[in-house]
Peer 1: 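Can you keep this structure in mind? I'll have questions shortly.
Chain letters run A, B, ... following the sequence lines, proteins first and then strands; every chain starts at 1.
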2 protein chains.
Amino acid sequence: MLSPDEILAVIEDGGFRSTASRRRLADVLTSHEEGFTAEELVAETPGVGRATVYRTIRLLVEQELLCKLSLPDGTPRYTLAQRGHHHHVVCQNCGSVREFRQSAMERMLKELESSDGDVVTGHRIEVFVVCAECLVRGVVPTNVHQH
Amino acid sequence: MLSPDEILAVIEDGGFRSTASRRRLADVLTSHEEGFTAEELVAETPGVGRATVYRTIRLLVEQELLCKLSLPDGTPRYTLAQRGHHHHVVCQNCGSVREFRQSAMERMLKELESSDGDVVTGHRIEVFVVCAECLVRGVVPTNVHQH
DNA sequence: AGCATAATCGATACTTAGTATCATTTGATG
DNA sequence: CATCAAATGATACTAAGTATCGATTATGCT
């Protein structure tokens with residue numbers, strides 16, 4: 001997993017400053033095993049302003065150190081980035097996040113490229129689950145109709 | 001494509017009432033070829049309250065007559081539902097929406113099912129493009145880093 | 001070490017997208 | 001055509017994030 005120092009290194013390599021707030025956030029960030037919300041970060045870094053938390057999140061998403069994803073209803077969650085291209089498996093109940101890779105799927109999406117006059121610039125794939133932990137706690141999986 | 005009457009029929013079949021506001025919205029909805037925002041609908045149906053517009057959108061998404069999707073930055077858009085399971089190709093510049101189907105991809109996602117103790121309840125796939133129309137208008141495609 | 005200054009900060013006000021409340025209106029049914 | 005739950009519009013609120021701005025601070029320079 002990513003360490004606070006690695007996060008700070010990417011920030012500095014990007015030409016941004018290594019500040020007290022960013023160090024605090026890097027620490028809190030790396031302590032999260034699962035997905036988290038922006039407001040959780042705000043609550044966990046007292047003294048660091050809301051605006052700074054959101055600014056730092058935006059910076060880290062741009063630097064591809066954080067992934068922004070969303071639950072079926074659209075509420076946002078963040079998770080520390082994994083190495084390389086990947087997608088997310090999100091528990092719709094507790095919001096925990098795992099990753100998956102499937103290169104066959106990537107290839108398929110690339111084939112769309114020529115379908116129309118459009119230029120493909122990216123894609124988003126999220127798989128929704130009820131995770132094993134939620135299942136043992138008695139959560140009943142109900143299908144979500146997403147596209 | 002979907003007609004206002006078809007929308008009203010689904011509403012009534014669902015046990016909901018056919019009201020003046022819903023008829024107005026059904027008309028406006030079906031006049032949209034491309035994707036649209038909730039606030040566009042609010043602006044296009046003067047006299048119908050904001051709350052009613054959002055309530056009706058929610059109803060129609062539940063009835064699977066509308067699809068809710070989002071641009072790379074997360075801002076939401078809606079589009080009239082196509083028949084059967086499908087996914088969306090969204091222009092990141094103008095927000096226009098096309099659909100695509102790829103049954104091989106569906107099959108692949110189903111295979112994930114057994115990977116962990118999780119139960120898969122759904123998935124979301126969006127492909128981002130700069131569409132042909134935007135390209136001729138000089139929009140330069142830049143890759144978005146999504147997952 | 002001291003300084004200049006652009007980057008960053010926190011506080012605060014604002015925006016966007018949507019939900020909750022509630023008194024009033026309305027459409028389906030008998 | 002009376003009933004009454006469903007639906008409505010006005011309004012206040014929430015969630016997630018952005019813009020503004022005066023104060024602070026990290027970094028490069030000497």
Peer 1: Can you find an N or O donor on one side and an acceptor on the other, under 3.5 Å apart, linking the side chain of B:Arg22 with the base of C:dG27?
Peer 2: no
Peer 1: Quickly work out the A:Arg24 CZ to C:dG10 P distance and round it to whole Å.
Peer 2: 9 Å
Peer 1: Among the nucleotides C:dC9, C:dA17, D:dT11, which one has an atom lying closest to any side-chain atom of A:Ser21?
Peer 2: C:dC9
Peer 1: For B:Ala51, answer base if it contacts any base atom (sugar-phosphate contacts may also be present), sugar-phosphate if it contacts only those atoms, and nothing otherwise; contact means non-hydrogen atoms under 4.0 Å.
Peer 2: base
Peer 1: Find the distance A:Tyr54:OH to C:dA11:P and express it as a whole number of Å.
Peer 2: 15 Å
Peer 1: If I take atom CZ in residue A:Arg55 and atom C1' in nucleotide C:dG10, what distance separates them, rounded to the nearest angstrom?
Peer 2: 8 Å
Peer 1: Regarding A:His147 and B:Glu99, is there a side-chain donor-to-acceptor distance under 3.5 Å anywhere?
Peer 2: no
Peer 1: Under 3.5 Å, is there a donor on one side chain and an acceptor on the other for A:Tyr54 and A:Glu39?
Peer 2: yes
Peer 1: Reading DNA chain C from 5' onward, which residue's closest nucleotide shows up sooner: B:Ala20 or B:Thr75?
Peer 2: B:Thr75
Peer 1: Send over the distance from B:Glu12 CD to C:dT26 P, rounded to a whole Å.
Peer 2: 18 Å
Peer 1: From C-beta outward on A:Pro76, which listed nucleotide comes closest to its side chain: D:dT27, D:dG17, C:dC9?
Peer 2: D:dG17
Peer 1: What is the nucleic acid contact for A:Gly47, judged by heavy atoms within less than 4.0 Å: base, sugar-phosphate only, or nothing?
Peer 2: sugar-phosphate
Peer 1: Pairs under 3.5 angstrom only: tabulate donor-acceptor contacts from the side chains of residues 122-129 of chain A to other protein residues two or more places apart or in another chain.
Peer 2:
residue, atom, partner, partner atom, Å
A:His123, NE2, A:His85, NE2, 3.3
A:His123, NE2, A:Glu106, OE1, 3.4
A:Arg124, NH1, B:Ser70, O, 3.2
A:Arg124, NH1, B:Ser70, OG, 2.8
A:Arg124, NH1, B:Glu126, OE1, 2.4
A:Arg124, NH2, B:Leu71, O, 2.9
A:Arg124, NH2, B:Pro72, O, 3.3
A:Glu126, OE1, B:Arg124, NH1, 2.4

Peer 1: Do A:Val48 and A:Leu29 share a hydrophobic cluster, counting only Ile, Leu, Val, Met, Phe, Trp and Tyr and linking them when any side-chain heavy atoms are less than 4.5 Å apart?
Peer 2: yes
Peer 1: Side chain of A:Arg17, heavy atoms from C-beta onward: which of C:dG18, D:dT27, D:dA7 has the nearest atom to it?
Peer 2: D:dT27
Peer 1: Answer with yes or no whether A:Arg50 presents, from its side chain, a donor or acceptor under 3.5 Å of a partner atom in the base of C:dG10.
Peer 2: no
